Amino acid sequence: MAKAPEPFLPYGRQLIEDDDIAAVVAVLKSPFLTQGPAIADFEKTVADFVGAKHAVAVASDTAALHLSCLAAGLHAGKSAVTSPITFLATSNAAVYSGARPLFADIDAESLNISPAQLELVLKREKVAAILPVHFAGAPCDMEAISGLAKKAGAVVIEDAAHALGATYPAGGRVGNNAYADMTIFSFHPVKLIAAGEGGMITTNSDALHDKLMRLRNHGIHKSEGGNLNHDLAFTDGKINPWYYEMQELGFHYRLTDLQAALGNSQMKKIDRFLARRRALVARYDAAFSGLSRAKPVQASLRKESAHHLYVLRCDFRKAGRSRGDVMALLREAGVGTQVHYIPVHLQPFYAQFGFKAGDFPVAEKFYEEALSLPLYPALTDTEQDRVIASVSAVLS
């Protein structure tokens, strides 16, 4: 009898347990599927976890980035700078707001935006916002970036889609906004916790919080204070209970209670998830320390990282195989891999802004060598051993 094939191991996936399912079922049985109490509960959980004053739940990480750019005042005639090694959503958010996207090359070791390269951009461009990306969960040098932003008069929006649970070298969790005006998180299933989809913006600013709350809900203001049309808002000096007013153009970027309940349940396990990711990373590091054709990245940031991704830099030429061939061989062995990321400035859409190959050589060099391996809390030691054996066989 033929042996059953080993289960395929993707580069990332969610871990959903019975208590997560129960949390969603409870919402299904409740009066509120959306715009209910689960949203505020989830916001408070995340804000308390990272140490921020406010958190605003939205439909996706992309929505979080978009609203943050709008709240920061980006519009046509302004510019925003980010890393070329990120998902498209980071720089797209600036474009959505009408701003001009800019990039600063990455640091070869951290793979995050280089403060030195960022400083060069700020010297030649008037930049309204800086969007550092904590690639793979490892924090950027936010102390340096914050200092540069203050000199330039730029708003800082940390893209922490990979970094829920990461810490700064000086202490404190990413998202506490010690170095930023706003920070965004993602709850896509491959991220640190899953809510199906969903995003969160944290801030310590009351004004930004109020603006973000309006923007996620069509630009609607609904409270007794701050109404612009007093004649419609009040009758005999009392606020009309049905009254709302649209004060600016907003969006339908709300999260549902179903997603919030799942996210809140997952947050109860975040420390366990982070610990498992750290353990898996340590096993990978030990196993791959002797490879001559590949090496782990971000080794100096292991302590602070949330470990969303495990990335090898591979010398495919030395291995005698293209990256596509390596990925195909690993897939045949039941091991999924991915590439994070194609540098944004190389995308055809971004050619209209004058970007071309060669503009950011450190990012482009990293892209040529990057390969992400399976990393998620449900990955067992036995499954990881299979990944290690397969990768070593192909890249030794």
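The figures here come from the full heavy-atom set of this structure, side chains too, leaving out hydrogens, waters and symmetry mates. If you're wondering where the values come from, they're calculated on a predicted model, not measured in any experiment.
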K.L.:
Looking at every heavy atom in both Leu9 and Pro374, which two are closest together, and how far apart are they?
P.N.:
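Where Leu9 meets Pro374 most closely, the heavy atoms are O-CG, 3.7 Å.
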K.L.:
How many angstroms lie between CG in Leu274 and CG in Leu164, if you round to the nearest 0.5 Å?
P.N.:
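Nearest 0.5 Å value for the CG-CG distance: 7.0 Å.
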K.L.:
Between Arg173 and Phe49, is there a side-chain heavy-atom distance shorter than 4.5 Å?
P.N.:
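The answer is yes, as the side chains (C-beta and beyond) meet within the 4.5 Å cut-off.
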K.L.:
Ignoring hydrogens and angles, state whether a donor on the side chain of Ser205 or Asp181 is under 3.5 Å from an acceptor on the partner side chain.
P.N.:
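Their side chains do not contain a donor-acceptor pair, so the 3.5 Å distance test is not met.
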K.L.:
Test His134 against every option in Glu304, His308, Glu158 by the side-chain hydrogen bond (donor to acceptor under 3.5 Å, both in side chains) rule and name the one that passes.
P.N.:
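Of all the options given, the one that passes is Glu158.
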K.L.:
Under 3.5 Å, is there a donor on one side chain and an acceptor on the other for Asp385 and Thr382?
P.N.:
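Distance-only check fails for Asp385 and Thr382.
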K.L.:
The test is salt bridge (Lys or Arg N to Asp or Glu O under 4.0 Å); show your working for Glu17 and Arg272 and say whether it passes.
P.N.:
CA-CA 13 Å; Glu17 298 174 319; Arg272 170 160 62 94; 2.8 Å; yes
K.L.:
Taking side chain as C-beta onward, heavy atoms only, is Leu120 less than 4.5 Å from Asp105?
P.N.:
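A side-chain contact is absent here, since even the closest heavy-atom pair is not under 4.5 Å.
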K.L.:
So how far is it from Leu371 CG to Leu330 CG, rounded to the nearest 0.5 Å?
P.N.:
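So the CG of Leu371 and the CG of Leu330 are separated by 7.0 Å.
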K.L.:
Would you check if there is a donor-acceptor pair between the side chains of Glu364 and His345 at a distance under 3.5 Å?
P.N.:
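Judged by distance alone, the side chains do pair up.
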K.L.:
Kindly say whether Ala94 contributes a backbone atom to a donor-acceptor pair with the side chain of Ser97 at under 3.5 angstrom?
P.N.:
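Flag set: sc Ser97 to bb Ala94 pair under 3.5 Å.
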K.L.:
Distance check, rounded to the nearest 0.5 Å: Gln338 atom CD versus Ser372 atom OG?
P.N.:
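Answer rounded to 0.5 Å: 7.0 Å.
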K.L.:
Look at the side chain of Thr82 and the backbone N and O of Leu131, then say whether any donor-acceptor pair between them is shorter than 3.5 Å.
P.N.:
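Looks like yes, one N/O pair under 3.5 Å.
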K.L.:
Could you tell me whether the side chain of Val127 reaches within less than 4.5 Å of the side chain of Leu102, counting heavy atoms only?
P.N.:
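Result yes, sub-4.5 Å side-chain heavy-atom pair found.
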K.L.:
Going by distance alone, is a donor N or O of one side chain under 3.5 Å from an acceptor N or O of the other, for Asp206 and His54?
P.N.:
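Side chains of Asp206 and His54: pair found under 3.5 Å.
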K.L.:
With no hydrogens and no angle check, is any side-chain donor or acceptor of Arg386 less than 3.5 Å from a backbone partner on Ala333?
P.N.:
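The answer is yes, because a donor-acceptor pair under 3.5 Å joins these two groups.
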K.L.:
I'd like to know if the side chain of Glu119 and the backbone of Ala116 have a donor-acceptor N/O pair within less than 3.5 Å.
P.N.:
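Answer holds: no.
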K.L.:
Assess the residue pair Asn264 and Thr45 against the criterion (side-chain hydrogen bond (donor to acceptor under 3.5 Å, both in side chains)); give the C-alpha distance rounded to whole Å, side-chain angles, the decisive distance to 0.1 Å, and a yes or no.
P.N.:
CA-CA 7 Å; Asn264 218 17; Thr45 296; 2.6 Å; yes
K.L.:
Would you say the side chain of Arg276 lies within less than 4.5 Å of the side chain of Tyr376, judging by non-hydrogen atoms?
P.N.:
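No - every pair of side-chain heavy atoms lies 4.5 Å or more apart.
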K.L.:
How are the rings of Tyr341 and Phe87 set relative to one another: parallel (under 30°), tilted (30 to 60°) or perpendicular (over 60°)?
P.N.:
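Geometry flag for Phe87 against Tyr341: tilted rings.
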K.L.:
Does the Lys NZ or Arg CZ of Arg323 fall within the cation-pi geometry relative to Tyr367 - under 6.0 Å from the ring centre and within 45° of the axis?
P.N.:
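Yes, cation above the ring, under 6.0 Å and within 45°.
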K.L.:
Could you label the plane-to-plane angle of the Phe360 and Phe355 rings as parallel, tilted or perpendicular, counting under 30° as parallel and over 60° as perpendicular?
P.N.:
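If you compare the ring of Phe360 with that of Phe355, the planes turn out tilted.
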K.L.:
With side-chain hydrogen bond (donor to acceptor under 3.5 Å, both in side chains) as the test, would you mind laying out the steps for Thr202 and Asn177 before giving the verdict?
P.N.:
CA-CA 8 Å; Thr202 64; Asn177 294 294; 3.1 Å; yes
K.L.:
When you measure from the side chain of Gln266 to the backbone of Gln14, do you find a donor-acceptor pair of N or O atoms at a distance under 3.5 Å?
P.N.:
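A pair under 3.5 Å: no.
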K.L.:
Strictly by modelled atom types, are Asp257 and Gln35 linked by a side-chain donor-acceptor pair under 3.5 Å?
P.N.:
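There is no such pair (donor and acceptor under 3.5 Å, judged by atom type) between the side chains of Asp257 and Gln35.
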K.L.:
Cut-off 3.5 Å, side chains only: do Asp159 and Thr90 have a donor facing an acceptor?
P.N.:
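There is such a pair (donor and acceptor under 3.5 Å, judged by atom type) between the side chains of Asp159 and Thr90.
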K.L.:
If you apply the rule salt bridge (Lys or Arg N to Asp or Glu O under 4.0 Å), what do you find for Lys356 with Asp359, and how did you get there?
P.N.:
CA-CA 6 Å; Lys356 61 186 183 305; Asp359 283 348; 3.1 Å; yes
K.L.:
Looking at Lys269, I'd like to know if its NZ atom is crowded, meaning that more than 12 non-hydrogen atoms belonging to other residues, nucleotides or ligands lie closer than 6.0 Å.
P.N.:
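Buried by this count: over 12 neighbours within 6.0 Å.
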K.L.:
Run the salt bridge (Lys or Arg N to Asp or Glu O under 4.0 Å) check on Asp19 and Lys268 step by step: do they pass?
P.N.:
CA-CA 10 Å; Asp19 55 343; Lys268 296 174 183 176; over 6 Å; no
K.L.:
Supply the atom-to-atom distance Leu208 CG to Thr203 OG1, rounded to the nearest 0.5 angstrom.
P.N.:
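Reported to 0.5 Å precision, the distance equals 4.5 Å.
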K.L.:
Under 3.5 Å, side chain of Asn240 to main-chain N/O of Ala233, donor-acceptor pair present?
P.N.:
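Side chain of Asn240 to backbone of Ala233, a donor-acceptor pair under 3.5 Å: yes, one is there.
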K.L.:
Taking Ser265 for its side chain and Leu262 for its backbone only, find out whether a donor-acceptor pair lies under 3.5 Å.
P.N.:
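Flag not set: sc Ser265 to bb Leu262 has no pair under 3.5 Å.
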K.L.:
Distance-only, no hydrogens or angles: does the Gln247 side chain make a donor-acceptor pair with backbone N or O of Ile220 under 3.5 Å?
P.N.:
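No.
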K.L.:
Regarding Asp285 and Tyr310, is there a side-chain donor-to-acceptor distance under 3.5 Å anywhere?
P.N.:
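Yes - a donor-acceptor pair under 3.5 Å links their side chains.
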K.L.:
So, Gln117 side chain and Ser114 main chain: donor-acceptor pair closer than 3.5 Å or not?
P.N.:
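Answer holds: no.
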K.L.:
side-chain contact (heavy atoms from CB on, under 4.5 Å) for Asp61 and Phe185? Distances and angles first, verdict last.
P.N.:
CA-CA 6 Å; Asp61 159 78; Phe185 296 101; over 6 Å; no
K.L.:
Tell me if a side-chain donor or acceptor on His188 pairs with a main-chain N or O of Leu192 at a distance below 3.5 Å.
P.N.:
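Not at all, since once roles are kept as given, no pair shorter than 3.5 Å links the two residues.
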K.L.:
How long is the straight-line distance from SG of Cys140 back to CG of Leu301, given to the nearest 0.5 Å?
P.N.:
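If we round to the nearest 0.5 Å, Leu301:CG and Cys140:SG are 9.5 Å apart.
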K.L.:
Under the salt bridge (Lys or Arg N to Asp or Glu O under 4.0 Å) criterion, do Lys211 and Glu248 qualify, and how do the steps go?
P.N.:
CA-CA 10 Å; Lys211 188 172 184 66; Glu248 56 195 318; 2.6 Å; yes
K.L.:
Aromatic contact between Tyr96 and Phe251, with the criterion being ring centroids under 6.0 Å apart: yes or no?
P.N.:
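Ring centroids of Tyr96 and Phe251 are no less than 6.0 Å from each other.
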K.L.:
Within a strict 4.5 Å, meaning less than it, do heavy atoms of the Met182 and Leu212 side chains meet?
P.N.:
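Met182 vs Leu212: side chains touch.
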K.L.:
Taking Ser68 as the fixed residue, which of Ile184, Leu74, Val155, Val58 is the one that meets the side chain to side chain contact (heavy atoms under 4.5 Å, CB included) rule?
P.N.:
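The passing option is Ile184.
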K.L.:
Tyr350 vs Phe353 aromatic rings, parallel, tilted or perpendicular, using cut-offs 30° and 60°?
P.N.:
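Tilted.
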